[in-house]
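Structure record follows, encoded as structure tokens.
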Amino acid sequence: QLACPLDLGCHSVSNRQNMSGLLEYFLEKKVSIVTNDGRHMIGNLRGFDQAVNVILDECFQRTYSKDSGVEEVVMGLYIIRGDNIAVIGEHDDAIDSQLDKSQIRIDGIKPISH
């Protein structure tokens, strides 16, 4: 069971249309999104549509490595297709600021295989 409020990868396409109503909770909040291809995006949710395509502002991508700390790449205004979202949840800046990301050494997030 995921602790995250929305696990879009576990729902059928017909249920995906109902997910857009749940996204209203995250509007104008900072969210963390893991995509089906293993990318980790963080940004302010500015909008979405009935296909759960989302618009993130002040977005950045985190990349993970066993050899170096977490790297962040600024993406700016960014759109993510709804069918590529695996998990979305609210990002907690207070907890995130306590992490020493230069010391985190992990393999990158693996893509989802169906």
Side-chain angles (χ1 to χ4, degrees):
Q1 184 79 327
L2 293 172
C4 197
L6 288 181
D7 174 13
L8 299 179
C10 293
H11 298 281
S12 68
V13 174
S14 61
N15 286 337
R16 187 176 295 274
Q17 293 171 347
N18 297 328
M19 286 294 151
S20 62
L22 296 173
L23 281 174
E24 288 183 33
Y25 170 80
F26 295 119
L27 270 177
E28 303 304 324
K29 294 182 181 179
K30 187 177 271 190
V31 295
S32 179
I33 296 176
V34 177
T35 61
N36 292 335
D37 59 358
R39 291 178 294 141
H40 182 199
M41 313 299 283
I42 299 170
N44 300 313
L45 181 63
R46 296 296 183 221
F48 61 90
D49 63 13
Q50 67 277 6
V52 194
N53 299 315
V54 298
I55 301 169
L56 299 179
D57 191 21
E58 299 178 24
C59 179
F60 59 93
Q61 178 179 353
R62 282 200 176 147
T63 56
Y64 302 90
S65 166
K66 286 198 304 188
D67 301 323
S68 60
V70 176
E71 294 181 27
E72 295 181 350
V73 178
V74 175
M75 307 301 280
L77 188 65
Y78 200 75
I79 297 173
I80 303 174
R81 287 179 49 117
D83 61 358
N84 194 31
I85 297 174
V87 180
I88 182 170
E90 190 170 356
H91 183 80
D92 190 328
D93 278 328
I95 292 173
D96 191 62
S97 66
Q98 296 175 10
L99 300 174
D100 183 358
K101 294 172 207 62
S102 67
Q103 298 301 312
I104 296 174
R105 306 272 197 261
I106 61 171
D107 280 333
I109 300 170
K110 304 230 183 298
I112 293 175
S113 57
H114 297 278

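One hydrophobic cluster, built from ILVMFWY side chains closer than 4.5 Å, holds both Val54 and Val31. When the side chains of ILVMFWY residues are joined at heavy-atom separations under 4.5 Å, either directly or via intervening members, Leu22 and Ile85 end up in a single hydrophobic cluster. One hydrophobic cluster holds both Met41 and Leu23 under the rule that ILVMFWY side chains link at heavy-atom gaps under 4.5 Å. The hydrophobic clustering, which links ILVMFWY residues whose side-chain heavy atoms are closer than 4.5 Å, places Phe26 and Ile80 together. Both Leu56 and Tyr25 belong to a single network of hydrophobic side chains, linked directly or stepwise wherever heavy atoms of I, L, V, M, F, W or Y lie under 4.5 Å apart.
The side chain to side chain contact (heavy atoms under 4.5 Å, CB included) search around Ile106 returns Tyr64, Ile104, not counting sequence neighbours. Under the side chain to side chain contact (heavy atoms under 4.5 Å, CB included) criterion, Leu27 pairs with Leu45, Phe48, sequence neighbours left out. Here Lys66 pairs with Asp107 under the side chain to side chain contact (heavy atoms under 4.5 Å, CB included) rule; sequence neighbours left out. Not a single salt bridge (charged side-chain N to carboxylate O under 4.0 Å, His left out) links Arg105 to another residue, sequence neighbours left out.
Applying the ring pair (Phe, Tyr, Trp, His ring centres under 6.0 Å) test to every pair with at least one member in residues 69-91, sequence neighbours left out, gives no pairs at all.
Side chains of Val52 and Ile88 form no contact here, defined as non-hydrogen atoms less than 4.5 Å apart.
For Asp37 (side chain) and Asn84 (main-chain N/O), no donor-acceptor pair under 3.5 Å exists by modelled atom type.
Smallest separation of non-hydrogen atoms from Asn36 and Ala86: OD1-CB, 3.3 Å.
Rounding to the nearest 0.5 Å places CD of Glu58 at 10.0 Å from CG of Leu77. Here the CE-CD distance, from Met75 to Gln61, works out to 5.5 Å after rounding to the nearest 0.5 Å. Between atom CD of residue Glu71 and atom OG1 of residue Thr63 there is a gap of 4.5 Å, rounded to the nearest 0.5 Å. The distance from the CG atom of Asp83 to the CG atom of Asn53 is 7.0 Å, given to the nearest 0.5 Å. Atom CZ of Arg81 is separated from atom CG of Asp49 by 10.0 Å, given to the nearest 0.5 angstrom.
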Side-chain donor-acceptor pairs under 3.5 Å in residues 92-101, sequence neighbours left out?
residue : atom : partner : partner atom : Å
Asp92   : OD1  : Ala94   : N            : 3.0
Asp92   : OD1  : Ile95   : N            : 3.3
Asp93   : OD1  : Lys30   : NZ           : 3.3
Asp96   : OD1  : Arg62   : NH1          : 3.0
Asp96   : OD1  : Arg62   : NH2          : 3.0
Asp96   : OD2  : Arg62   : NH2          : 2.7
Ser97   : OG   : Asp93   : O            : 3.3
Ser97   : OG   : Ala94   : O            : 2.9
Asp100  : OD1  : Ser102  : N            : 3.2
Asp100  : OD1  : Ser102  : OG           : 2.6
Lys101  : NZ   : Asp96   : O            : 3.0

